[in-house]
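Okay, structure first, notes after.
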Amino acid sequence: MHLLYFILTIYFFRNVRADVVLDRTTDPSILEDASLDTFSLIRKYGFPCEIHRVYTEDKYILEMHRIPHGRDDVSAVGRPVVFLQHGLLSSSAEWVLMLPGKGLAYILAEAGYDVWMGNARGNTYSKHHVSLNPTSSSFWKFSWHEIGYYDLPAMIDYVIKETGVPKIHYIGFSQGTTAFWVMTSTRPEYNDKIVAMQALAPVAYVGNVRSPLIKAIAPFTNSMEILFKLLGRNEFLPNGKVNELAGQSYCVEEAITQVLCTNLLFLLCGFNVEQLNATMLPVVLGHTPAGASTRQVIHFGQLYNSNKFVQFDHGWLSNKRRYGTFKPPAYNLTAITTPVFLHYADNDWLSTPNDVDKLLKEVNSAVGKYRVPLAKFNHLDFVFAINAKELIYDRLLNIMKLFNK
Ligand SMILES: *[C@@H]1O[C@H](CO)[C@@H](O)[C@H](O)[C@H]1NC(C)=O
Ligand SMILES: *[C@@H]1O[C@H](CO)[C@@H](O)[C@H](O)[C@H]1NC(C)=O
């Protein structure tokens, strides 16, 4: 039953995307946004943008995007620096898909920040490695552990070197927070490189998630081979198996309304039609999913099963070899010393209030938690909601301002 639900979820998700983007007769400029990359999108709306390449210790090549200043400024000198890390299956585009005045990266740039956006290994912009080919399995042997352990430190060190500031602000969304907890607990020296951490929809403990996707995967995480067969051994949601199982597209049929497709898409993360601007949907779908490894998703499934925040479970024999213990070790959250602000919402299917509380209690440097004052606010609303600025970003900027001299 779970499995069927799961296959259908993925199947709709795959097909909604192309269909809405291609078939909707909507504003040509919006349609264009669906296909522009992050760099071109930012330039189109009159902001400066730079592309930077970063090498990780384990030789992945990551692409970062920078908005050095706002539209009316001329230089990045003297501006506080902020680093933004996207969520699962997403990319730097997440921060600029909504137009200027709405997208967080634009708002930060206009508010005086030098904005840097990361891209995790395996997504659209970071599918490169010095010697491994993304068509090979070796390339995809990572979860968000490696994103936190290798990618974030590499990108943060790069930003600090490039800008010459001693510390930078960090804003993470969803998996962008998970990777941050990994980094600051496994490499505590990175705590001192961050001014403050703003966690949008924080994810560490996931025992209470309501996401059908995670729940569907959870029963199979002990039989990795089954999951690999269904989801692909390497990249998550590959063309092929799942699509074959599902056959022809549903959403192409006219009877399926856009709203229904919207619901199915957001089944993955929870949905809230009221805060979703349907006009902008093609843009969101044109940039998501942006690529992730199957292991990233499996790792979340494992956390759901164990209700712990622990490293990847490779099976007890491999665990013993890698970690020295039969069970994967827990991340040491008490090692986190960066001031942490947790922004959460009641209706969030992935970052649930109970799980956020659990995290809050374990992070000694957590300053507080901030509830979004809207009952139906869900996971993706943190980056795409019509009223995200009024509901979250204004407060976020006020908190960040306290740290700038
Ligand atoms: C939805 O997006 C369109 C295109 O960007 C915009 O013109 C419209 O004002 C937005 N609607 C709301 C309710 O924000
Ligand atoms: C966790 O980190 C704290 C602070 O750095 C340290 O005192 C403690 O020994 C660590 N615990 C484990 C189990 O490594």
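For ligands, and for the atoms within them, numbers begin at 1 and follow the listed sequence. Heavy-atom basis, side chains included; hydrogens, waters and symmetry copies ignored.
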Which residue supplies the protein heavy atom nearest to atom 1 (C) of ligand 1, what is that atom called, and how far is it?
Asn277 ND2, 1.4 Å
Under 4.0 Å from a heavy atom of Leu99: which atoms of ligand 1 are those, numbered in the order shown and with their elements?
5 (O)
I want to check a possible cation-pi pair here: Lys193 against Tyr190, using under 6.0 Å from ring centre and within 45° of the ring axis as the test.
yes
Top protein contact for atom 4 (C) of ligand 1, by heavy-atom distance
Met280 SD, 3.8 Å
Would the distance check show the side chain of Ser365 and the main-chain N or O of Ile336 forming a donor-acceptor pair, the cut-off being under 3.5 Å?
yes
Are Asp357 and Tyr205 close enough that a side-chain donor and a side-chain acceptor fall under 3.5 Å?
no
Heavy-atom contacts under 4.0 Å between Asp27 and ligand 1: side chain, backbone, both, or neither?
neither
With the threshold set at under 4.0 angstrom, would you say Lys102 reaches ligand 1 through any of its heavy atoms?
yes
Verify the neighbour count for atom NZ of Lys401: are there more than 12 heavy atoms of other residues, nucleotides or ligands below 6.0 Å?
no
Within the protein, is there a heavy atom lying under 4.0 Å from atom 11 (N) of ligand 2?
yes
Distance in Å, Lys327 NZ paired with Ser306 OG, rounded so as to fall on 0.5 Å steps:
9.0 Å
Testing the basics here: between Arg121 and Thr56, what is the closest heavy-atom pair and its distance to 0.1 Å?
NH2-OG1, 3.8 Å
Look up atom 7 (O) of ligand 2 and tell me if a protein heavy atom lies less than 4.0 Å from it?
no
Residue, atom name and distance, where the atom is the protein heavy atom closest to atom 13 (C) of ligand 2
Asn332 ND2, 4.5 Å
